[in-house]
Each structure stands twice: as C-alpha cells, then as structure tokens.
Amino acid sequence: MPWPSRKRSQASAEDKKKPETKQAKHESHEEEEEEESMPSAAESSKPAKKSSGWAVKKEASSDGQGSKQVYGHWLLKSEPESRFEKGADVKFGIEDLKAEPNQTACWDGIRNYQARNFLRDMKLGQEAFFYHSNCKDPGIVGIVKIVKEFYPDHTQFDKKDPHYDSSSNKEKPKWSMVDVQFVRMTKRFIPLSELKAHHLAHTESGGPLKNMLLFSRHRLSIQPLTKEEFEFILSLEEEKPR
DNA sequence: GCCAACGTTGGC
DNA sequence: GCCAACGTTGGC
C-alpha cells in the first residue's frame, strides 16, 4: 500500500517519532492531489481540498449536488510480520499498536496519493478496522479510532527513513499522517478468506460487501468503508468462524 | 517464491 | 495524452 500498511509508531503529534512504516515511494505528481475521494463528513478542518475522484462512489445527493459519499469508517492495513525495507523493519501489528504509549501511533509512511487523500478525509473519532496484511493469516484483528486528523508526515523529511521523499519540502509537505488509537480487538479474528466469501456471495446477491474495496483495490492500504460494510463486518464478530 | 493486479514513470 | 516498461502490493 500505500500502500499499505503502514505503520509507525507513536503517538501523537508531539513526538515525532520515527518511522517505520512501509509504503514507499513517492510519486510524482504534483501534489495537488488533494482531492479526496470521499467526502467525509464535513470537511477537513484543515486544508480543504477538492475532490477528485477516484473511485469512491458518490451518490447524488438529493439536492442536487452530487455529494460525494461520505465515509465514516475505514480499513487500515498494516503488516504484523517483520519485513525490511531499506534496512528498516516495517512490522507493525496490532500488538505493536497496543504497546505504544496511550496505545496510540501515527500512521506514517503513506506514499500513495489515493491512500493519502483518504487519510486526509479521516475525522476525529471515526473508527477503522485494523487489518493484518502480507502475513500468514491476513484479516481483521481489531478496531482503532482516529485521535488526530491529518498533519505532515515527518518521515518524508527524514533522509534515514525508508519513506524519505526528496521531492517534498516543509513549506509544502506532500505527505500526511493521522494518529490512531487502539479501541479493542474484534471479538474474533475475521479472516480475509471469510470476507472474500461474503464478497463473492454478495456480488451475486447484492449484499453489503459487493463493492468492498479490499477486493478491487488490492494495493490500497487505506480504504473507506460504507456504514453498511462496517456494520456487516461487525456482525460477523458474533458468528462462528466459517 | 510466484505471480496477478495495478499504480507510476517516462518516451514519444 | 497514449502506452509500454517497470515497480510494488499482497495473496497464495
């Protein structure tokens, strides 16, 4: 992912910590990509951006504006197993998040415009599923919440960080991050295989997971979830594992 | 380790 | 703006 997963640590804004994360690269665009795709609820408090579009859906609002769809929930991918990127271990599983001060970490290292734009749409208090990727048992393991809306990702300026971006500058940071705090583990591990089975069934039946981005945007490490998707997945917690 | 999907780069 | 080459993600 952005890919993907990312991770990093620490807490808030105050400290800057270091990097870890994964993702990488940079891109080129100009940055202006601020668009986001989804609209979130209100707007961000910070910069505002416009949206552009990608994929997310939008619905017409009744009033005629197309409002874009507002996402209130998210899925964040992170890798729970060690993997080295430019000499740094990008491992950051949910246990690592729980071990951070205040069980809070900054989600740094996102170097994909689409993921970054979603990140910028995240609002304080919104919840996200914590998804373990690129590991033996991929799937949802817990729930986190946004405790600080987007601000510059300090790892883009750190030459020693695997996600250093020489094309960015402090006057106009290209990449952002948010802080997330652990909320709870899901009542049980919800494996990718199970989500996929529902996705396939819903594709036929028109169920809630038929458009889940996990299955169409493989490489997106930060994905918005509709309320229906989030609630359906939560309902799986109560079921027996299949 | 393989490989499919897909995003990015860069020539033209 | 098109598109081929290339790089990355991430499941298996």
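Atom set for the values below is all heavy atoms of this structure, side chains included, hydrogens, waters and symmetry mates excluded. Below, chains carry the letters A, B, ... as their sequence lines are ordered, and counting in each starts from 1.
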Query - N/O (side chain, Lys77(A)) to phosphate O (OP1/OP2, dT8(C)) under 4.0 Å - result: no
Requested in this report: Ignoring backbone atoms, test whether Arg217(A) places a side-chain nitrogen or oxygen under 4.0 Å from the OP1 or OP2 oxygen of dG7(B).
Outcome: yes
Contact class for [X] vs. all strands (heavy atom < 4.0 Å): base, sugar-phosphate, or nothing?
X         : value
Ser193(A) : nothing
Lys136(A) : nothing
Phe215(A) : nothing

Query raised in the report: Less than 6.0 Å separating the ring centroids of His132(A) and Phe189(A)?
Result: no
**Report entry** Proximity of Phe130(A) and Trp107(A) rings by center, below 6.0 Å
**Finding:** yes
Whole angstrom is fine here: how far is it from [atom1] in [X] over to [atom2] in [N]?
X         : N       : atom1 : atom2 : value
His218(A) : dG7(C)  : NE2   : C1'   : 17 Å
Leu220(A) : dG7(B)  : CG    : C1'   : 10 Å
Asn134(A) : dC3(B)  : CG    : P     : 17 Å
Gln223(A) : dG7(B)  : CD    : P     : 12 Å
Leu213(A) : dA5(B)  : CG    : P     : 17 Å
Lys86(A)  : dG7(C)  : NZ    : P     : 13 Å
Met212(A) : dG11(C) : CE    : C1'   : 15 Å
Ile110(A) : dT8(C)  : CD1   : C1'   : 14 Å

Would you mind telling me which of [options] lies closest to the side-chain atoms of [X]?
X         : options                 : value
Arg219(A) : dG11(C), dT8(B), dT9(C) : dT9(C)
Tyr131(A) : dT8(B), dG11(C), dT8(C) : dG11(C)
Tyr113(A) : dT8(C), dG11(C), dT8(B) : dT8(B)

Query raised in the report: If only atom types and distance count, is the side chain of Asp153(A) paired as donor or acceptor with the main-chain N or O of Gly109(A) below 3.5 Å?
Result: yes
Query - Gln156(A): which of Ser167(A), Ser168(A), Ser166(A) passes side chain to side chain contact (heavy atoms under 4.5 Å, CB included) - result: Ser168(A)
Query - Asp179(A) side chain to Thr104(A) side chain, donor-acceptor N/O pair below 3.5 angstrom - result: no
